[in-house]
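First comes the structure, then the notes that go with it.
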Amino acid sequence: MNNATRANCSDAGSGTQDQPYCTLQTAAAAVQPGQTVEVTGGTYKGEVDITRSGTPDAPITFTAAKRWTAFVHGDPHAFTVSGAHDIVIRGFSMSSSAEDVVVTDSSRITIDQNRVPSIGIRGTGSRIPGIRITGQSGDVTVSRNLMYSSAAEEVLVAPGVTGTVITTNQLSGYGGSAVLATDAPGTVVTSNSISGDCTPQIALAGASTGSTLENNVLVDGIDDDKLCASAPAAHAKISISSDSATQAISDYNVIQPPGSGAAPYDWAGVSYADPESLLAATGQGGHDLVAQPDSSSDGSPAFDSADADAPGELPTDMYGYTSVDDPLVADTGAGTVIFRDRGASEFQDPYNISSVTVTPDQGPYPLPVTATAVELNPWSTPVESYTFDFGDGSAPVVTTTPSAQHTYTARPANGSYYTVSVIATTATRTLVPRIGHVWVNEPAPLVPALKLTTPPSAIGWLTVTADTSASTDAWAITNRKIDFGDGSAPVDEGTTTTDTHTYAKPGTYAVRLTETDWAGNTASTTTSMTVPTVRFSTALSLTTNASSYAYGATATVTAHLGTTYSNRTVSIYAQPYGGTKTLVKTGTVDSHGNLVASYKVTRNTVFTTAFSGDLEYAPATASRTAYGYARVAESQSGYYTSTYYGSTRYRVYHHTAKAQFNAAVTPNKAGQCLIFRLQKYYSGAWHTQSTSSCHTLSSTSTGYLKLTLTSGAINGKYRMASEYVHSTKDNTNLNTWSSWQYFTVRK
């Protein structure tokens, strides 16, 4: 598969490398057992419907030529597998308007090493998983995938599915459980790294009997896990229903400690605060740990502690690495390899060269230098050799120590610097090169240069800037000392090339710069500076990134002094209508003269900025008003089920029922007006049927509208929205429409 412009692709061709297919669906209709559809990098249109089957010994494989470079955008799905068996889908990036992958009534299906962000469905409010396995499917494996951003579950196993294996994936679920299996016996969830919000990260519902949860690492995906403490059972990391608890196995998992009041387990309707209490009651969780599972450095409880023989355990981790014995961690695992790590990735030897230092890194030729590899080696990994290339065409220096010497005899051809690289080789691998730089110059003396400046518009400013960057020397200048000539102590600048100094009174001052270089050479220069003083008016302004905001939206507020006002401090204040003026931020403006602050807008707000003035500029203030919309949340009641037209969910009402549409306005707008608008879909467009009169909001800021349905509305598509309409009594928020609520009528 290659749909690139110069690939000579044709859907009427042979599907060979010389004349590849252009579309995945064409390849899916032609592929035979034992064949592989290899897809080069690029963007491809889904939905790819796979109905052909392989055999256990000769599966049909769809694979990206290079992992994650072939992007399949599906509408509504990237891939569907229906009534097929022995299929492998590997290495793709996917995005869809609904589930990225749907497997229905299929067996021996492997979904491996894909990137499934589900970005097409984020923020829609629809509960759509990333991968759905449904029908009478069996023996489906979801392995080594990176899945995140789903609006619901990352992997959903529907009733009737058996023998699903979810292993070695990195899953981040923020709309529901990362893994949810309902009435799905024999589900295996092994060696996954899962993060999520205040919902169970692994949930077995209904009668998912005989299931196994092992070697998983479960962490919170929010900053403060105490937010999950209000309902411990609902926020358990692992949730097993009563009917699923039969023959269920949970062991060798690492669970981040939950917030105060929350519990890591909800087992058969009972919350358990730790593995010990779960073990005493159920016999499960004997090797589970409730601990911080930091998997980025040595000492993690996830290291060298997994059950290597757990069902679904793969020989390699998510990135293809095999198990490595961490010498700094005790081997507490079980099975054939007692040092396998829990979770989706295996911690590898951290040996690395973080940087290369060259001493000296600047000077005139002939310049002898020492290059040193700065190592990170907590495992004391033996290094067989270091290869130093000094970048001047000389032969590389191979040594068994992490440093080497060399003498440069000329300037580099590019007139700037030489690049020094080092490669370390261990018994198991050769590291990528790390580099440093050395500047080799023509021999020349130290010549100090001192420039004293004030802003161009100033005719008198007590603060001056001293700039020594124009000094020249063949060696690196290691120290700069400035005597500003007003009796204050000389300032030791080190290697800094600029500094500011404020004089106590106007006058003429002799400013002296003394510099010393790496070789110990010293030289001085003196410059005269006259500093009168006058205060100028200040050009202060205030802007916001919008003139109005949705309720609770964040406004970006920018105070601007101008680029000539560096190092000056301004303050930004906010005063919501009817509220107290509060300080939002105080700080120094950036190089563009700006100070930026953020503020959550819930009502009309006046922003003010103030500059207190200094020796050069007078105080100033500026203000701007931003307007905030109210928030209208709408829901329906009285329906008896739901259905979908495309990806849009419609509530279904009986034609004899009364449809009720409820609206709540934030903040409280008791006594204000709410109107409802009804539209019907026909002739390819939405048409307004009616707009209600004013409904007065209750004391709790809510209102509703009831519709009497008739047989004439049967099978029609309708939608309803409500608008908050403020009167002259409300000066705090602007009018706001709710989102559309869709419904249909059935007989």
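Just so it is clear, the values below take in all heavy atoms, side chains as well, and ignore hydrogens, waters and symmetry mates.
- For the pair Thr187 (side chain) and Ala181 (backbone), a donor-acceptor distance under 3.5 Å is absent.
- Looking at residues two or more places apart in sequence or on another chain, you find no side chain to side chain donor-acceptor pair (under 3.5 Å) involving Asp325.
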Next item on the list: Give the C-alpha distance, both sets of side-chain angles, the deciding distance and a yes or no for side chain to side chain contact (heavy atoms under 4.5 Å, CB included) between Phe339 and Asp326.
Entry: CA-CA 8 Å; Phe339 50 81; Asp326 185 339; over 6 Å; no

Next item on the list: Could you go through the side chain to side chain contact (heavy atoms under 4.5 Å, CB included) check for Val157 and Ile166 one step at a time?
Entry: CA-CA 10 Å; Val157 185; Ile166 303 166; 4.2 Å; yes

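- Residues Thr134 and Glu99 are not in side-chain contact: their nearest non-hydrogen atoms beyond the backbone lie 4.5 Å or more apart.
- For residues 303-320, the set of pairs meeting the side-chain hydrogen bond (donor to acceptor under 3.5 Å, both in side chains) definition, not counting sequence neighbours, comprises Arg144-Thr316, Ser191-Glu313, Asn215-Glu313, Ser305-Arg342, Asp309-Thr336.
- In this structure, the side chain of Ser300 engages the main chain of Asp294 through a donor-acceptor pair within 3.5 Å.
- Looking at Ser345, its side chain never comes within 3.5 Å of a backbone N or O of Met318 through a donor-acceptor pair.
- With rounding to the nearest 0.5 Å, the separation of CG in Asp112 from CZ in Arg90 is 4.5 Å.
- A search for ring-ring contact (aromatic ring centres under 6.0 Å, His included) contacts involving Phe79 returns Phe92, not counting sequence neighbours.
- Sorted by first and then second residue, the pairs that involve residues 59-88 and meet salt bridge (charged side-chain N to carboxylate O under 4.0 Å, His left out), not counting sequence neighbours, are Asp86-Arg108.
- For the pair Glu375/Val383, a side-chain contact is recorded, criterion being any heavy-atom separation below 4.5 Å from C-beta on.
- The side-chain hydrogen bond (donor to acceptor under 3.5 Å, both in side chains) pairs that include a residue from residues 160-171 are Asn145-Asn169, Asn169-Asn192, where partners are two or more places apart or lie in different chains.
- Listed by first then second residue, pairs satisfying side-chain hydrogen bond (donor to acceptor under 3.5 Å, both in side chains) with a partner in residues 45-60 read Asp49-Thr80, not counting sequence neighbours.
- Counting heavy atoms from C-beta outward, Tyr351 and Ile353 have side chains that approach closer than 4.5 Å.
- Remark: Glu276 pairs with Asp274 by the side-chain contact (heavy atoms from CB on, under 4.5 Å) rule, at least two apart or across chains.
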Next item on the list: With side-chain hydrogen bond (donor to acceptor under 3.5 Å, both in side chains) as the test, would you mind laying out the steps for Gln284 and Tyr272 before giving the verdict?
Entry: CA-CA 11 Å; Gln284 297 302 315; Tyr272 294 95; over 6 Å; no

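- Gln348 pairs by the side-chain contact (heavy atoms from CB on, under 4.5 Å) definition with Tyr321, Val324, Glu346, not counting sequence neighbours.
- Contact check for Leu328 versus Phe303: no side-chain heavy atoms found under the 4.5 Å cut-off.
- Under the side-chain contact (heavy atoms from CB on, under 4.5 Å) criterion, Thr643 pairs with Tyr645, Tyr650, Val652, Thr744, Arg746, not counting sequence neighbours.
- With sequence neighbours excluded, the residues satisfying side chain to side chain donor-acceptor pair (under 3.5 Å) with Ser250 are Asn253, Asp288.
- Checked by atom type and distance alone, the side chain of Ser193 never pairs as donor or acceptor with a backbone atom of Gly343 at under 3.5 Å.
- Legend: residues meeting side chain to side chain donor-acceptor pair (under 3.5 Å) with Tyr21, ordered by chain and number and at least two apart, are absent.
- The shortest side-chain heavy-atom distance between Ser143 and Leu314 falls under the 4.5 Å cut-off.
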Margin query: Applying side chain to side chain contact (heavy atoms under 4.5 Å, CB included) to Asp139 and His85, what does each step give before you reach the verdict?
Written below: CA-CA 10 Å; Asp139 299 326; His85 56 81; over 6 Å; no

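- Under the side chain to side chain donor-acceptor pair (under 3.5 Å) criterion, Ser244 pairs with Ser241, not counting sequence neighbours.
- Listed for the Asn114 side chain is a donor-acceptor partner under 3.5 Å among the backbone atoms of Gly91.
- Between the side chain of Asp105 and the backbone N or O of Gln136, at least one donor-acceptor pair lies under 3.5 Å.
- We find the OH-CD1 distance between Tyr265 and Ile238 to be 5.5 Å, quoted to the nearest 0.5 Å.
- Not one N or O on the side chain of Thr61 forms a donor-acceptor pair closer than 3.5 Å with the backbone of Thr36.
- Ser177 places no side-chain N or O within donor-acceptor distance of the main-chain N or O of Ile202, the cut-off being under 3.5 Å.
- The side-chain heavy atoms of Ser355 and Arg434, taken from C-beta on, include no pair separated by under 4.5 Å.
- At distances below 3.5 Å, not a single donor-acceptor pair connects side-chain atoms of Thr110 with backbone N or O atoms of Val88.
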Next item on the list: Start with the C-alpha gap between Ser172 and Ser195, add the side-chain angles, then the distance that decides, and say whether side-chain hydrogen bond (donor to acceptor under 3.5 Å, both in side chains) holds.
Entry: CA-CA 5 Å; Ser172 301; Ser195 64; 3.2 Å; yes

Next item on the list: Decide side chain to side chain contact (heavy atoms under 4.5 Å, CB included) for Val337 and Thr322; before the verdict, give the C-alpha distance in whole Å, the side-chain angles of both, and the deciding distance to 0.1 Å.
Entry: CA-CA 11 Å; Val337 180; Thr322 57; over 6 Å; no

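- A side-chain donor-acceptor contact under 3.5 Å links Asp341 to the backbone of Phe347.
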